[in-house]
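On a predicted model such as this, the values are computed, not experimentally measured, just so you know.
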Amino acid sequence: MEKTTLDKMVDRFLCWKLPKDFGPDSGISFAPTHFQQGESADLHWPTGTNLLTAMQAKEMFSHCIAGALADIEEDAYVIHQLGKLLAEIAVIVNGPEPPMTRWSYHDLPEKVRALKDAARVAT
């Protein structure tokens, strides 16, 4: 099952390294530590997971994008449907696709215009 936009946002947040100048409040402090010594040491730095659980992050994003999520999901659906329509039109105009390939859409307007002009001349 494909993840929703909201779930993808939560995943991205939970793995995002917080900015170097982030300022936790309520008396919380953070002192970075090194996993190894030396100039190339990996700095242990907090990510979104240090602030919220996945469920809390999902609730936060739901609150932040209330109302907009439906628009985002609808846009994704429309884009998907338009892609399917373009693919079908490309096959109608160009014929069956060769094995392991897909027709490009870039020249469809030109090809449809030529077909329309040819049909007009034929009548």
Side-chain angles (χ1 to χ4, degrees):
M1 183 169 132
E2 188 168 331
K3 290 188 173 194
T4 66
T5 301
L6 181 59
D7 289 329
K8 290 175 186 177
M9 291 172 68
V10 169
D11 290 346
R12 302 256 320 149
F13 170 74
L14 293 177
C15 68
W16 178 63
K17 278 195 170 191
L18 297 174
K20 296 294 182 195
D21 62 349
F22 88 103
D25 55 10
S26 299
I28 298 170
S29 63
F30 175 74
T33 58
H34 293 278
F35 289 120
Q36 60 190 29
Q37 300 298 321
E39 205 171 296
S40 64
D42 290 331
L43 191 60
H44 175 69
W45 198 256
T47 62
T49 58
N50 295 93
L51 298 177
L52 303 171
T53 66
M55 184 51 74
Q56 291 167 332
K58 190 170 186 172
E59 290 171 9
M60 177 194 70
F61 280 115
S62 292
H63 171 75
C64 291
I65 62 173
L69 188 58
D71 293 340
I72 292 168
E73 296 292 343
E74 182 181 357
D75 288 350
Y77 174 79
V78 169
I79 290 167
H80 177 74
Q81 291 301 107
L82 289 173
K84 286 172 50 177
L85 285 171
L86 279 171
E88 186 176 346
I89 292 168
V91 170
I92 291 168
V93 170
N94 297 311
E97 295 171 324
M100 306 297 292
T101 61
R102 295 283 183 248
W103 294 121
S104 174
Y105 308 148
H106 75 283
D107 57 353
L108 282 180
E110 177 184 327
K111 287 182 174 183
V112 169
R113 199 172 296 114
L115 289 170
K116 181 181 174 186
D117 291 345
R120 188 177 307 137
V121 169
T123 56

Nearest-0.5 Å distance, CG of residue Asp107 to CG of residue Asn94: 6.0 Å
Is any side-chain heavy atom of Pro96 less than 4.5 Å from a side-chain heavy atom of Trp103? no
Just so I know, are the side chains of Leu6 and Ile72 near enough to count as touching, which here means a heavy-atom distance under 4.5 Å? no
Is there side-chain contact between Lys84 and Glu88, with at least one heavy-atom pair below 4.5 Å? no
If Ile, Leu, Val, Met, Phe, Trp and Tyr residues are connected whenever their side-chain heavy atoms lie under 4.5 Å apart, and connections chain through other members, are Leu86 and Ile92 in the same group? no
Side-chain ion pair, Lys8 and Asp11, N-O less than 4.0 Å: no
For Ala57 against Leu14, the heavy-atom pair lying closest together: CB-CD2, 4.2 Å
What pair of heavy atoms forms the shortest contact from Ser104 to Ala90, and how long is it? O-CB, 4.4 Å
I'd like to know if Val91 and Tyr105 are part of one continuous hydrophobic network [Ile/Leu/Val/Met/Phe/Trp/Tyr, side-chain heavy atoms within less than 4.5 Å]. no
For Glu110, does the CD atom sit with more than 12 other heavy atoms under 6.0 Å from it, leaving out its own atoms? no
Where is the tightest heavy-atom contact between Thr53 and Gln56, given as atom of each residue plus distance? N-OE1, 2.8 Å
Output the distance between atom OG1 (Thr4) and atom NZ (Lys58), rounded to the nearest 0.5 Å. 5.5 Å
